[in-house]
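These notes concern the structure reproduced below.
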Amino acid sequence: MNRPRTDARRHHDPQVRGFASDNYAGAHPEVLAALALANVGHQVAYGEDAYTENLQGIIRGHFGATAEAFPVFNGTGANVVALQAVTDRWGAVICAESAHINVDEGGAPERMGGLKLLTVPTPDGKLTPELIDRQAWGWEDEHRAMPQVVSITQSTELGTLYTPDEIRAICEHAHARGMRVHLDGSRIANAAASLNVPMRTFTNAVGVDILSLGGTKNGALFGEAVVVLNQDAVGPMKHLRKLSMQLASKMRFVSVQLEALLAKDLWLRNARHSNEMAQRLAEGVRAVHGVEILYPVQANAVFARLPHEVSERLQKRFRFYFWDEAAGDVRWMCAFDTTEEDVDRFVAALKEEMARYTP
C-alpha cells in the first residue's frame, strides 16, 4: 500500500519567479532568523509578551511619542480594525474607487466592519480635497451614511505616490469637516524609500490619525499592524481587534517580524531594492515597441497596456495579473527578492512575444 510521505519537502521550484505580486516572495532570511530567536521557551500570550512590548518603542521611534501598535494577522484585518476604530455605526469612509478596501477585500470593510464606503473615481489612484468633496456632504441627512473618515493608500493601488504636502492638505481638509484620516500603508515602506523621507514625514507629521502598517509585502512571513497616531480619534482598540478575529494568541511571532524589519533598516533596504527593480523593469519595457506604461513608476509596480494575446502567452512563462482585461492592462510587481536577472529575463520574453504579434 502506497502511503503519502509525511516528511517536510519542497513542493516548488525555487528558481521560478514571477511578477504577479510582492506577496509571492518568501520571507526575508533576517525575518526568519528573528522568528527562530523568538521560538524558544514560553512567553505570555495575547500581546503581553516581551517582543510586542519592545515593538511599541520601535513604532514610537518611527511615528512619534503617542503612536501605539496593535499587531494583526493581515492587511484586510488591519484595514477593517482601523476603520472601525474611527467610525460610528452610522459612519461612512470616503476612498478612491481603486482603493484596496473597495476593490480587493471582498466587501470586508462593509460586511465585517459595518461601515459604508463612498467611492470617488480618480485618474491616478490619489484623492484630493476637491475629489473628497464629491462625497463629503450630507452629515445631517439621516437617509445617507455619514462621512466620517477619508482613507488614502500610500503607495497607491496604481503605484503612484502622495507627497507629504498632498497628504497634509487632505488631512487639513478632512479635519476641518470633522473627519478623520486613515492611511492604508501595505506598501508604506516603498513610499518612504521612493520619497527618501522617514515614514513619519507623511503620516503623523502631517495629520494622519491612524494607519495600517504593512509587513508581508516587504519581507515578513505574515502580519501587519494597526498604528494609532491620534489617541483621541479611536475607539477601544483591543476590543475591536478581538471582535474582528485579529487577536493572535502567539502574538510574539507577529511582533518579532515587525521588529526585525523596523528596528534597523531592513524595511528600507527591502523597499529600495524592489523599487529599483521596478525602475529597471520600466526602463526595459519602454524600449519595447507597442507596449505602453500607464502610470508613473514611483514605487514597486509597473502598469502597462499591451495586446491581450501577447499577455496570455507571456503569462505561460511568468505569472502576472490582468488589471483591466478588457483594455489589455496588466500589473507587474517587483519584490524584495526580485533580481536584475529576473527583470532582464522578463523583458527579453516580452520582446520575443511582441515580435511574434501580428496586429
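- Closest approach of M277 and T339 over heavy atoms only: SD-C, 3.7 Å.
- With sequence neighbours left out, the side chain to side chain donor-acceptor pair (under 3.5 Å) criterion links R305 to D329.
- Aromatic rings from W332 and F346 are positioned such that their centres are separated by under 6.0 Å.
- Side-chain N or O atoms of Q246 include one that pairs as donor or acceptor with a backbone N or O of F73 at under 3.5 Å.
- Take Y51 and apply the ring-ring contact (aromatic ring centres under 6.0 Å, His included) test, not counting sequence neighbours, and it matches no residue.
- V197 meets the side-chain contact (heavy atoms from CB on, under 4.5 Å) test with L195, T201, F202; sequence neighbours excluded.
- A search for side chain to side chain donor-acceptor pair (under 3.5 Å) contacts involving E224 returns T216, not counting sequence neighbours.
- T122 and E97 are not linked by any side-chain donor-acceptor pair at a separation below 3.5 angstrom, with hydrogens and angles left out of the test.
- Considering OG of S151 and CG of L118, their distance stands at 12.0 Å, rounded to 0.5 Å.
- Residues passing the side chain to side chain donor-acceptor pair (under 3.5 Å) test with T52, sequence neighbours excluded: D49, S255.
- Nearest heavy-atom pair, A34 versus V256, reported as atom, atom and distance to 0.1 Å: O-CG2, 3.6 Å.
- Heavy-atom minimum distance, K238 versus F70: CG-CE2, 4.0 Å.
- Smallest separation of non-hydrogen atoms from V86 and I210: CG1-CG2, 4.1 Å.
- E110 and L117 make their closest contact through OE2-N, 2.9 Å (heavy atoms, listed as atom of the first residue, atom of the second, distance).
- The cationic group of R144 lies under 6.0 Å from the six-membered ring centre of W137 and within 45° of the ring axis, placing it in a cation-pi geometry.
- Annotation: the span from K116 atom NZ to Q148 atom CD amounts to 14.5 Å, rounded to 0.5 Å.
- Around CE of M354, the count of heavy atoms belonging to other residues, nucleotides or ligands within 6.0 Å exceeds 12.
- Note that OG1 of T203 and CG of D209 are 11.0 Å apart. Values are rounded to the nearest 0.5 Å.
- No donor-acceptor distance shorter than 3.5 angstrom exists from the side chain of T160 to the backbone of T156, with no hydrogens or angles considered.
- Here the side chain of S244 pairs no donor or acceptor atom with the backbone of R241 at under 3.5 angstrom.
- Q43 contributes a side-chain N or O that, together with a main-chain N or O of A50, makes up a donor-acceptor pair within less than 3.5 Å.
- Applying the side chain to side chain donor-acceptor pair (under 3.5 Å) criterion to R269, with sequence neighbours excluded, gives E30, D265.
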Give the C-alpha distance, both sets of side-chain angles, the deciding distance and a yes or no for salt bridge (Lys or Arg N to Asp or Glu O under 4.0 Å) between E309 and R313. CA-CA 6 Å; E309 66 182 74; R313 289 200 303 268; 3.4 Å; yes
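- Side chain of K126 to main chain of L161: a donor-acceptor pair is present (N/O by atom type, distance under 3.5 Å, no hydrogens or angles).
- In summary, the aromatic rings of F19 and F320 are positioned with their centroids too far apart to meet the 6.0 Å limit.
- Ring-centre distance between W267 and H28: not below the 6.0 Å cut-off.
- A salt bridge links E353 and R317; the closest N-O separation between the charged side-chain nitrogens and carboxylate oxygens is under 4.0 Å.
- A 6.0 Å sphere centred on CD of E53 holds no more than 12 heavy atoms belonging to other residues, nucleotides or ligands.
- Sparse packing is recorded around OH of Y46, with 12 or fewer heavy atoms of other residues, nucleotides or ligands lying under 6.0 Å away.
- Here the side chain of D184 pairs no donor or acceptor atom with the backbone of I152 at under 3.5 angstrom.
- Under the 3.5 Å distance criterion, the side-chain polar atoms of H182 are left unmatched by any main-chain donor or acceptor of A82.
- In terms of modelled atom types and a separation under 3.5 Å, the side chain of R252 and the main chain of A38 share a donor-acceptor contact.
- Checked by atom type and distance alone, the side chain of Q84 never pairs as donor or acceptor with a backbone atom of L240 at under 3.5 Å.
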Where do Q298 and Y162 land on the side chain to side chain contact (heavy atoms under 4.5 Å, CB included) test, with the steps shown first? CA-CA 10 Å; Q298 296 178 326; Y162 290 94; over 6 Å; no
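- Judged by distance alone, with hydrogens and angles left aside, the side-chain atoms of D141 form a donor-acceptor pair with the main-chain N or O of H143 at under 3.5 Å.
- Looking at N79 and S212, their side chains do bring a donor and an acceptor atom within 3.5 Å of each other.
- Of the listed residues (L229, V227, L211), just one forms a side-chain contact (heavy atoms from CB on, under 4.5 Å) with N204, and that residue is L229.
- Shortest non-hydrogen contact noted between I170 and P129 is CG1-CD, 4.3 Å.
- Within 6.0 Å of atom CD in E142, more than 12 heavy atoms from other residues, nucleotides or ligands are found, so the atom counts as buried in its surroundings.
- Just one residue in the list D22, N275, T338, N270 forms a side-chain hydrogen bond (donor to acceptor under 3.5 Å, both in side chains) with N300, and that residue is D22.
- Separating the CD atom in E157 from the CZ atom in R187 is a distance of 8.0 Å, to the nearest 0.5 Å.
- Side chains of N230 and T66: no donor on one and acceptor on the other come within 3.5 Å.
- In this structure, E312 does not pair ionically with K316, as no charged nitrogen and carboxylate oxygen lie closer than 4.0 Å.
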